[in-house]
Visitor: 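I have a structure here, written as structure tokens, and I will follow up with some questions on it.
Residue numbers count from 1 along this sequence.
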Amino acid sequence: MRLIEKINDLKVIEHRIALFFLGQAGICLKTSDNKLIVIDAYLSDAVERLFGFKRMIPSILEAEELDADLYISTHAHADHLDPDSLPVVVKNKKTFFIGSPDCEELYLQQNLTKERYKILKEGEEWEIQGVRLKAIFADHGDLAPEAGGILVEIEGIKIYHTGDTSFCPDRIKSSLNTNVDIMIAPINGQYGNMNGEEAAALASIIQPKIVIASHYWMFLQHVCEDGKGDPTTFLKEAATLPQEIKPMVMAPGDHLVFPEEEIMF
């Protein structure tokens with residue numbers, strides 16, 4: 001069964017959320033009223049076309065298949081705001097776009113009007129279609145100075161996607177200023193990102209109920225030479241976290257339902 005069929009077929013009951021892992025930093029959230037919220041989906045070969053970084057994990061979802069209500073990008077890098085998928089996603093008139101300030105140029109290139117997108121700067125909060133959003137501090141260095149994280153709240157469930165960021169626990173915790181249920185964090189340890197050890201350390205400070213590793217194995221150039229960018233390092237470090245925090249490494253296409261905290265295949 002194709003991933004899009006799994007997404008469409010899954011029934012989410014009230015006060016639950018389904019999270020599908022798309023690979024790299026991409027996730028798709030499905031709500032009890034069948035909204036699809038897509039964050040940082042990388043579905044094409046744009047990074048190879050632009051920079052020569054070959055995709056090592058095949059895409060499990062086509063841009064044409066997406067019927068997203070909200071399409072969120074934490075910054076404008078091609079593996080987070082996919083320039084080859086964007087023209088396809090834009091054709092769906094119901095899709096609304098939310099991004100960091102550096103995403104606006106790409107939105108305008110696709111002739112998106114102000115009625116179809118929202119730029120969120122660090123600390124700004126906004127609500128749309130019953131979904132509450134807050135832009136969270138991130139430090140991706142000079143590579144993307146306007147990059148951020150995003151806090152998504154749906155039916156009282158809070159999902160924090162760090163975006164691409166280095167280890168800045170005090171700034172991140174202050175920016176969040178709330179408890180979270182699920183945290184998604186990079187572990188590649190390259191290009192201004194945390195490694196697995198640092199992602200586990202951030203989880204110990206933020207105290208999510210679930211911490212999910214992201215940003216690994218997609219590109220050979222993202223492999224951390226010291227080994228700390230490997231999921232096994234993340235899991236080893238996360239094993240020392242309190243029992244209340246569940247660390248997870250998901251394969252593309254895996255999903256969980258929260259608060260059941262159960263992986264479904």
Visitor: Is there side-chain contact between Leu50 and Pro83, with heavy atoms separated by less than 4.5 Å?
Guide: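 When only atoms from C-beta onward are counted, Pro83 and Leu50 do touch, with a gap below 4.5 Å.
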Visitor: Can you name the closest pair of heavy atoms from Arg16 and Glu155 and give their distance?
Guide: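 Minimum heavy-atom contact is O-OE2, 4.1 Å.
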Visitor: Taking it one step at a time, do Thr178 and Tyr160 satisfy side-chain contact (heavy atoms from CB on, under 4.5 Å)?
Guide: CA-CA 10 Å; Thr178 187; Tyr160 166 45; over 6 Å; no
Visitor: Compare all side-chain heavy atoms of Leu108 with those of Tyr117 and state whether any distance is below 4.5 angstrom.
Guide: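 Yes - at least one pair of side-chain heavy atoms lies under 4.5 Å apart.
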Visitor: May I ask you to decide if His15's main-chain N or O and Ser32's side chain share a donor-acceptor pair within less than 3.5 Å?
Guide: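 Checking the backbone N and O of His15 against the side chain of Ser32, no donor-acceptor pair under 3.5 Å is found.
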Visitor: Any chance you could lay out the salt bridge (Lys or Arg N to Asp or Glu O under 4.0 Å) test for Asp84 and Arg49, step after step, and finish with the verdict?
Guide: CA-CA 10 Å; Asp84 291 355; Arg49 177 176 64 81; 2.6 Å; yes
Visitor: Only one of Ile159, Thr162, Val211 passes side-chain contact (heavy atoms from CB on, under 4.5 Å) with Ile184; say which it is.
Guide: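 Answer to the side-chain contact (heavy atoms from CB on, under 4.5 Å) test with Ile184 among Ile159, Thr162, Val211: Ile159.
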Visitor: So, the side chain of Tyr42 versus the backbone of Met218: is there a donor-acceptor pair under 3.5 Å, distance only?
Guide: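 Between the backbone of Met218 and the side chain of Tyr42 there is no qualifying donor-acceptor contact (under 3.5 Å).
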Visitor: When rounded to the nearest 0.5 angstrom, what is the spacing between CD in Glu244 and CD in Gln207?
Guide: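 Answer rounded to 0.5 Å: 8.0 Å.
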Visitor: Passes side-chain contact (heavy atoms from CB on, under 4.5 Å), Lys30 versus His255? Steps please.
Guide: CA-CA 10 Å; Lys30 185 172 184 179; His255 76 273; over 6 Å; no
Visitor: Just checking Glu105: does its CD atom have more than 12 heavy atoms from other residues, nucleotides or ligands closer to it than 6.0 angstrom?
Guide: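 Incorrect, the count does not exceed 12.
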Visitor: How long is the gap from CD on Glu146 to OG1 on Thr74, to the nearest 0.5 Å?
Guide: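 Between Glu146 CD and Thr74 OG1, I get 12.5 Å after rounding to 0.5 Å.
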Visitor: Test side-chain contact (heavy atoms from CB on, under 4.5 Å) on Leu70 and Gln129; report intermediate values, then the result.
Guide: CA-CA 9 Å; Leu70 304 180; Gln129 301 178 25; 4.0 Å; yes
Visitor: I'd like to know if the side chain of Asp181 reaches the main chain of Lys158, judged simply by a donor and an acceptor atom lying under 3.5 Å from each other, with no hydrogens or angles considered.
Guide: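 Yes, the answer is positive, given that a donor and an acceptor are paired below the 3.5 Å cut-off.
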Visitor: Taking all atoms of both residues into account, what is the closest heavy-atom pair of Leu241 and Ala203, and its distance?
Guide: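 Residues Leu241 and Ala203, closest heavy atoms: CD1-CB, 4.1 Å.
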Visitor: Given side chains that start at C-beta, do those of Glu125 and Arg132 come closer than 4.5 Å, heavy atoms only?
Guide: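 A side-chain contact exists here, since the closest heavy-atom pair is under 4.5 Å.
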Visitor: Has Arg116 got a side-chain atom pairing as donor or acceptor with Val90's backbone, closer than 3.5 angstrom?
Guide: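 Yes, because the side chain of Arg116 sits within donor-acceptor range (under 3.5 Å) of the backbone of Val90.
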Visitor: Closest heavy-atom contact between Gly192 and His140?
Guide: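 Result for this residue pair: O-ND1, 3.7 Å.
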Visitor: Less than 4.5 Å apart, side chain to side chain, heavy atoms only: is that true for Phe219 and Gln24?
Guide: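 With C-beta onward as the side chain, the pair touches.
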Visitor: Met56 and Phe51: same hydrophobic cluster, using ILVMFWY side-chain contacts below 4.5 Å?
Guide: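 Looking at the clustering, Phe51 is in a separate group from Met56.
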Visitor: So Asn92 and Tyr71, side-chain contact (heavy atoms from CB on, under 4.5 Å) or not? Walk me through it.
Guide: CA-CA 11 Å; Asn92 188 336; Tyr71 193 86; over 6 Å; no
Visitor: Any luck finding a side-chain donor-acceptor pair between Gln221 and Tyr191 under 3.5 Å?
Guide: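 Checked: Gln221/Tyr191 side chains show no N/O donor-acceptor pair below 3.5 Å.
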Visitor: Could you grab the distance from atom CZ of Phe97 to atom CG of Leu81, nearest 0.5 Å is fine?
Guide: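 CG of Leu81 is found 8.5 Å from CZ of Phe97.
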Visitor: With a 3.5 Å distance limit and no angle check, can you tell me whether Asn193 reaches the backbone of Thr165 through a side-chain donor-acceptor pair?
Guide: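 Pair found, side chain donor or acceptor close to backbone of Thr165.
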Visitor: Give me the atom names and distance for the closest heavy-atom approach of Leu22 to Leu3.
Guide: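 Scanning both residues, the minimum pair turns out to be CD2-CD2, 3.8 Å.
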Visitor: Taking Asp82 for its side chain and Ser44 for its backbone only, find out whether a donor-acceptor pair lies under 3.5 Å.
Guide: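 Looks like yes, one N/O pair under 3.5 Å.
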Visitor: Indicate yes or no: at least one non-hydrogen side-chain atom of Leu19 is less than 4.5 angstrom from one of Leu29.
Guide: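 They are in contact (side-chain heavy atoms under 4.5 Å apart), so the answer is yes.
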Visitor: For atom NZ of Lys35, decide whether the heavy atoms of other residues, nucleotides or ligands shown that lie under 6.0 angstrom number more than 12.
Guide: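 Buried by this count: over 12 neighbours within 6.0 Å.
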Visitor: Linking I/L/V/M/F/W/Y whenever their side-chain heavy atoms sit closer than 4.5 Å, directly or via other members, would Trp126 and Ile157 fall into one cluster?
Guide: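 Trp126 clusters together with Ile157.
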Visitor: Sub-3.5 Å donor-acceptor pair from the side chain of Lys134 to the main-chain atoms of Ser175, do we have one?
Guide: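 Here the side-chain-to-backbone pair exists.
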Visitor: Would you find a donor on one side and an acceptor on the other, under 3.5 Å apart, between the side chain of Thr95 and the backbone of Asp69?
Guide: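 Between the backbone of Asp69 and the side chain of Thr95 there is no qualifying donor-acceptor contact (under 3.5 Å).
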Visitor: Val38 and Ala68: which non-hydrogen atoms are nearest, and at how many Å?
Guide: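 That closest heavy-atom pairing would be CG2-CB, 3.8 Å.
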Visitor: Could you measure the distance from the CD atom of Gln190 to the CG atom of Asn195? Nearest 0.5 Å is fine.
Guide: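 Gln190 CD to Asn195 CG: 10.0 Å, rounded to 0.5 Å.
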Visitor: Establish whether Ile128 and Ile136 are linked, either directly or via other cluster members, by ILVMFWY side-chain heavy-atom contacts under 4.5 Å.
Guide: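 Linked within one cluster.
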Visitor: Which distance, rounded to the nearest 0.5 Å, do you find between the OG of Ser204 and the CD1 of Ile245?
Guide: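 Reported to 0.5 Å precision, the distance equals 7.0 Å.
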Visitor: Which atom pair, heavy atoms only, marks the closest approach of Ser100 to Ala76?
Guide: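 The answer is OG-N, 4.4 Å.
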Visitor: Taking Thr240 for its side chain and Glu237 for its backbone only, find out whether a donor-acceptor pair lies under 3.5 Å.
Guide: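 Indeed, once roles are kept as given, a pair shorter than 3.5 Å links the two residues.
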Visitor: Are Leu112 and Val88 connected in the hydrophobic side-chain network, where two residues link if heavy atoms are under 4.5 Å apart?
Guide: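 Hydrophobic grouping puts Leu112 apart from Val88.
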Visitor: Any heavy-atom pair between the side chains of Phe137 and Ser174 that's under 4.5 Å?
Guide: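 Counting from C-beta outward, Ser174 and Phe137 never come under 4.5 Å.
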Visitor: How about NZ on Lys94, more than 12 heavy atoms from neighbouring residues, nucleotides or ligands closer than 6.0 Å, or not?
Guide: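 Atom NZ in Lys94 is crowded, with more than 12 foreign heavy atoms closer than 6.0 Å.
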Visitor: Do Ser59 side-chain atoms and Leu43 backbone N/O form a donor-acceptor pair below 3.5 Å?
Guide: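 Yes: the side chain of Ser59 pairs with the backbone of Leu43.
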Visitor: Determine the interplanar angle of the His80 and His75 rings, folded into 0 to 90°, and report it as parallel if under 30°, tilted if 30 to 60°, perpendicular if over 60°.
Guide: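 The rings of His80 and His75 sit tilted, inter-plane angle from 30° to 60°.
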Visitor: How many angstroms lie between NE2 in His161 and CD1 in Ile39, if you round to the nearest 0.5 Å?
Guide: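 If I round to the nearest 0.5 Å, the distance is 5.5 Å.
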Visitor: Just so I know, are the side chains of Met183 and Leu202 near enough to count as touching, which here means a heavy-atom distance under 4.5 Å?
Guide: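 Counting from C-beta outward, Met183 and Leu202 do come under 4.5 Å.
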Visitor: For a 4.5 angstrom cut-off between non-hydrogen side-chain atoms, does His215 reach Ile187?
Guide: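 Contact flag for His215/Ile187 side chains = no.
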